[in-house]
Amino acid sequence: MIPRYKRVMIKVSGEALSGGAGQGIDGATIGRVADSIRKVRDLGCEVGVVAGGGNFWRGARNGLVMERSRADHMGMLATVMNCLALSETLENLGVPTTVFSAVPMPLVAESYSVVAARRRLAEGRVVLFGGGTGCPYFTTDTGVVLKGIEMHADLILLAKNVDGIYTDDPKKNPDAVRIDEITCEEVLARGLKATDATAMSLLMENRIPVLLFSLEDPDALVKGASGEKIGTVLK
Ligand code: UDP
């Protein structure tokens, strides 16, 4: 397979690392995800990864009463933990990585800078972006779109637990059909579900293609980066 895109930005949700448990990190599962990321780099792509944190913590939940900003701070820390675990797993596979954190923590990760991150990508290192946008009230879906724009990525690979955008909820409606390609405007007009509103508005202003797909197929990342028809392309 050959890379269709030179620079790609991948979103890996926290849940995708938990191996069905929904919580924590499962060794075999993160190994598989890291191996898929390695294959995308082996294609010749420059690869950035934004990790979610929902496997450890997601804004106020679990019945714990917390002020939103503080709860989101915990969520951002969770995303850094996933980046560290992914970095370690990738390095064990022989893939050089750099971890940046949008929340400065110099002992743990490099503080995020656009210029330094672009340089690391160009050097061929897999760059892991922790801390999402660095601001509470946001999500890592918004984070990956923001980083994709800042890094001048050619494609954002947004892994979801459904393999694309459907005409209706496929879990509720057996007649729901997967859409191959759609614009953000059409998604909004038809009331379909793609990603959160902040991410959508950034996409509409910046016109970067997003592939929505599921990591259930272990080759999905490589297929997506090669331009194979999988999931839904959001334009
Ligand atoms: N978060 C945040 N700002 C960001 C990104 C994430 O405050 O820019 C926090 C927020 O609490 C969120 C949590 O980190 O719930 C984990 O991120 P997300 O829910 O996007 O992770 P995923 O569900 O993809 O694992």
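Model, not experiment: these values are computed from the prediction. Both counts, for ligands and for their atoms, begin at 1 and track the order of listing. Counting begins at 1 with the first residue of the sequence.
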For this session: Please state whether Lys11 comes within less than 4.0 angstrom of ligand 1, counting heavy atoms only.
Result: yes
For this session: Give the atoms of ligand 1, by number and element, whose distance to some non-hydrogen atom of Cys135 is under 4.0 Å.
Result: 2 (C), 3 (N), 4 (C), 7 (O), 8 (O)
For this session: Return yes if some donor-acceptor pair links the side-chain N/O of Thr89 with the main-chain N/O of Ile30 below 3.5 Å, else return no.
Result: no
For this session: Find all atoms of ligand 1 within a distance of less than 4.0 Å from any non-hydrogen atom belonging to Met76, and give their numbers and elements.
Result: 1 (N), 2 (C), 3 (N), 7 (O), 9 (C), 14 (O)
For this session: State the atoms of ligand 1, each with its element, that fall below the 4.0 Å cut-off from a heavy-atom position in Thr133.
Result: 4 (C), 8 (O)
Exercise. Below 3.5 angstrom, do we get any N/O pair linking Trp57 and ligand 1?
Worked result: no
Exercise. Less than 3.5 Å between some nitrogen or oxygen of Gly14 and one of ligand 1, yes or no?
Worked result: yes
Exercise. Any side-chain heavy-atom pair from Ile182 and Arg190 closer than 4.5 angstrom?
Worked result: yes
For this session: Consider ligand 1: state whether an atom of it lies below 4.0 angstrom from any non-hydrogen atom of Pro136.
Result: yes
Problem set entry | Of Arg41, Glu88, Glu91, Arg125, the residue whose pairing with Thr97 passes side chain to side chain donor-acceptor pair (under 3.5 Å) | Glu91
For this session: Would you check whether Ala78 reaches within less than 4.0 Å of ligand 1, judged by its heavy atoms?
Result: no
Problem set entry | Any N/O pair Asp72/ligand 1 closer than 3.5 Å | yes
Exercise. Hey, are Asp35 and Arg38 close enough for a salt bridge, meaning a charged N less than 4.0 Å from a carboxylate O?
Worked result: yes
Exercise. Polar-atom distance check: Phe138 versus ligand 1, any N or O pair below 3.5 Å?
Worked result: yes
For this session: Check each atom of ligand 1 against the heavy atoms of Gly52 and keep those under 4.0 Å away; list them by number with element.
Result: 21 (O), 22 (P), 24 (O), 25 (O)
Seminar exercise, completed: One finds that the ligand 1 atoms under 4.0 Å from a non-hydrogen atom of Gly132 are 5 (C), 8 (O)
Problem set entry | Side-chain touch Thr139/Thr142, heavy atoms, less than 4.5 angstrom | yes
Exercise. So does Arg120 pair up with Glu110, basic N to acidic O under 4.0 Å?
Worked result: yes
Exercise. Less than 4.0 Å between a side-chain N and a carboxylate O, is that true for Asp72 and Arg68?
Worked result: yes
For this session: Within a distance under 4.0 Å of any heavy atom of Gly54, pick out the atoms of ligand 1 and give their elements.
Result: 21 (O), 22 (P), 25 (O)
